[in-house]
2 protein chains.
Amino acid sequence: MIEDKNQKRTSLSELGEFGLIKHLTKEFDFIHESTVKGNGDDAAVIDFKDKQAVVSTDLLVEGVHFDLAYMPLKHLGYKAVMVNLSDIYAMNAVASQITVSIAVSNRFPLEALEELYDGIKQACKIYNVELIGGDTTSSNKGLLISVTAIGQVQEGDEVYRSGAKPNDLLVVTGDLGGAYLGLQVLEREKEVFKVNPQSQPDLDMYSYIIERQLKPEARKDIIQLLVDLEVKPTSMIDISDGLASEALHIADQSAVGVNIFEEKIPLDPQVISTCEEFKIDSTMVALSGGEDYELLFTIAQEDYPKIKANPNLTVIGHIADKQEGNHLITRNNTKIPLKAQGWNALLDS
Amino acid sequence: MIEDKNQKRTSLSELGEFGLIKHLTKEFDFIHESTVKGNGDDAAVIDFKDKQAVVSTDLLVEGVHFDLAYMPLKHLGYKAVMVNLSDIYAMNAVASQITVSIAVSNRFPLEALEELYDGIKQACKIYNVELIGGDTTSSNKGLLISVTAIGQVQEGDEVYRSGAKPNDLLVVTGDLGGAYLGLQVLEREKEVFKVNPQSQPDLDMYSYIIERQLKPEARKDIIQLLVDLEVKPTSMIDISDGLASEALHIADQSAVGVNIFEEKIPLDPQVISTCEEFKIDSTMVALSGGEDYELLFTIAQEDYPKIKANPNLTVIGHIADKQEGNHLITRNNTKIPLKAQGWNALLDS
């Protein structure tokens, strides 16, 4: 779908390992305040002064986490960074550095990796994050990207999954289910394309959900918003595996119960219409879809007035005692047990 | 060679992704002074107080960096940590945390990953390093390990590749070439094994070089030794790609020339005898073999008395002006240009 047959192809072996990493990272030259030494030595050096360091890491594997048939490499680079920054923000921290390692088979020309790094570079610029290191190596098959994100947080400002208390409110940012539905649309178009390679699909009516899948944004803005609103969440997690799975993580690690109101779950109109078209339940999609990279957090009840007018934030439930268990309260007021059926890399394959 | 047909095999899909990472990391429970929060949240939190953080990352790919036909998984886990700690020590820093991510195909049973993590655990214990995070995912083929190592260093104590000055002495730790030769012996045995699976090779006479390949040790001890000797190197790098390649990195980044004396290069007797057996030049092996994970550094001449009696350290050359270039001075006193012919992942495949 996205292949350009006339593209320039420079073989990776023309550059060699050192040449390749130098070439790919040469335009990443702005220096973050805390970065003492970036690329080009055995390791990078970072000085956080009086702040704590926050570290998270993720692997993205071709054929498991992404399909290059519809994922442009530039978007992939951008998304690989987002996935990791999202974990840093979920600690109520500010991301400042990343390392990126790739394993790549020789079927990829240099130009493909340049595209990948263009996306990484764009993510670094927009999110004010610096690429400080990495590794480039060959793989026997396909492409694999490993990103480690590093952030900083004032001692005492960090927010764990474990701090939710009974009666706290459960809040979610943005809207849910779009990334999963975008993937369904792209998978369907891929099948159409296999049958008829000349088809030019009109995907305008799915533009929002496709963008949610191909170019998600981590919620850096929310971390600043919480500072501005003077709200410190009692617990927080990012939504990578679906609302249900993440809510259960908070409940489990905080030793509490959680109730989610179906009618409160924020859905984009495009999610609702596409669910109707695909004959899928939109609540199921929000609960189990994953990859939305929104933030899910709990706040004390007295903080409610501070957040209630904000269009980015939706109260979708509340925390209960552990023995009450975890439930979804449906639109017709039935209480059903909340279950995680999120994407599971090892079961899927 | 190392396969045990009767081993217990638990399918990875029985555990699922969350179960797997929990299971593999459950015994990594000691808490480092600087680790505020380890595994189990979106990210780990580290407090280095007044010290700087040092970060390095590496990928190891099955079929490119290791061959499971002769690399036991426990050793692989150990080595994956060593490769990264070595980079931290090469900054004159102390390693304190690691993250480990693996991509693994379902052909590996749980017991295989337990072995891998046993090796990681052993490395963590011996080197006083804590596993604080990671990711586990499936791959379409083979095993891939991505490690990020984090260390700390007092501001001003860090040593870069770029600080060498003309007249400085070039110093190497331990001895060189063993890891490469160990690999040659193992490759040869693998070929023998293919022809005759009943063969029981006697590898006693290669024990040192095989251990150099399968179970290298990063030189944490040298960082402490330099403190004890009150020597701060002017530049430093670890030897992963061979002496020549690393010496040229120092020369290049310090904008100086370098001279290495062939007769000074430290070689173990087993390296010399195995070179004779394989009819390879031992100097070539030391210069280009790689994977020794020794440290190469430069010191000011006035520090020479402090290091000269130490059996761990060998002066093998000196730094010159840049226009003099980079040379090997052979045993018969011929000056030949120093060239890097190190292992190159992308050219090899």
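Just so it is clear, the values below take in all heavy atoms, side chains as well, and ignore hydrogens, waters and symmetry mates. So that the names make sense, note that chain A is the first sequence line, chain B the second, and so on, each numbered from 1.
For the salt bridge (charged side-chain N to carboxylate O under 4.0 Å, His left out) condition, the pairs that include at least one residue of residues 55-64 of chain B, sequence neighbours left out, are B/E62-B/R107. Identified under the salt bridge (charged side-chain N to carboxylate O under 4.0 Å, His left out) test for residues 137-160 of chain A, with sequence neighbours left out: none.
Within the 4.5 angstrom heavy-atom criterion, only side-chain atoms of B/T148, from C-beta onward, approach chain A.
In terms of non-hydrogen atom pairs under 4.5 Å with chain B, the most contact-rich of A/Q97, A/Q52, A/Q152 is A/Q52. Taking B/D238, B/L144, B/I88 one by one and counting their heavy-atom pairs under 4.5 Å with chain A, the maximum is reached by B/L144. Of the listed residues B/D50, B/V55, B/I237, the one with more heavy-atom pairs under 4.5 angstrom with chain A than any other is B/V55. With chain B as the partner, the residue from A/Q253, A/M236, A/R161 showing the most heavy-atom pairs under 4.5 Å is A/R161.
For the residue pair B/V61 and A/A103, the shortest heavy atom distance occurs at CG2-CB, 4.0 Å. When every heavy atom of B/A43 is checked against every heavy atom of A/D87, the shortest pair comes out as CB-O, 4.1 Å. Taking all atoms of both residues into account, the shortest heavy-atom contact from B/G63 to A/N140 is CA-ND2, 3.9 Å.
The backbone N or O of B/L59 sits less than 3.5 Å from a side-chain atom of A/D135, completing a donor-acceptor pair. Proximity of a side-chain donor or acceptor of A/S56 to a complementary backbone N or O of B/D42 within less than 3.5 Å is detected.
Contact annotation: the side chain of A/M91 approaches that of B/D41 to within less than 4.5 Å [non-hydrogen atoms, C-beta and beyond].
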For a side-chain contact (heavy atoms from CB on, under 4.5 Å) check, start with the C-alpha distance between B/F48 and A/I46, then their side-chain angles and the critical distance, and finish with the verdict.
CA-CA 10 Å; B/F48 288 120; A/I46 308 170; over 6 Å; no
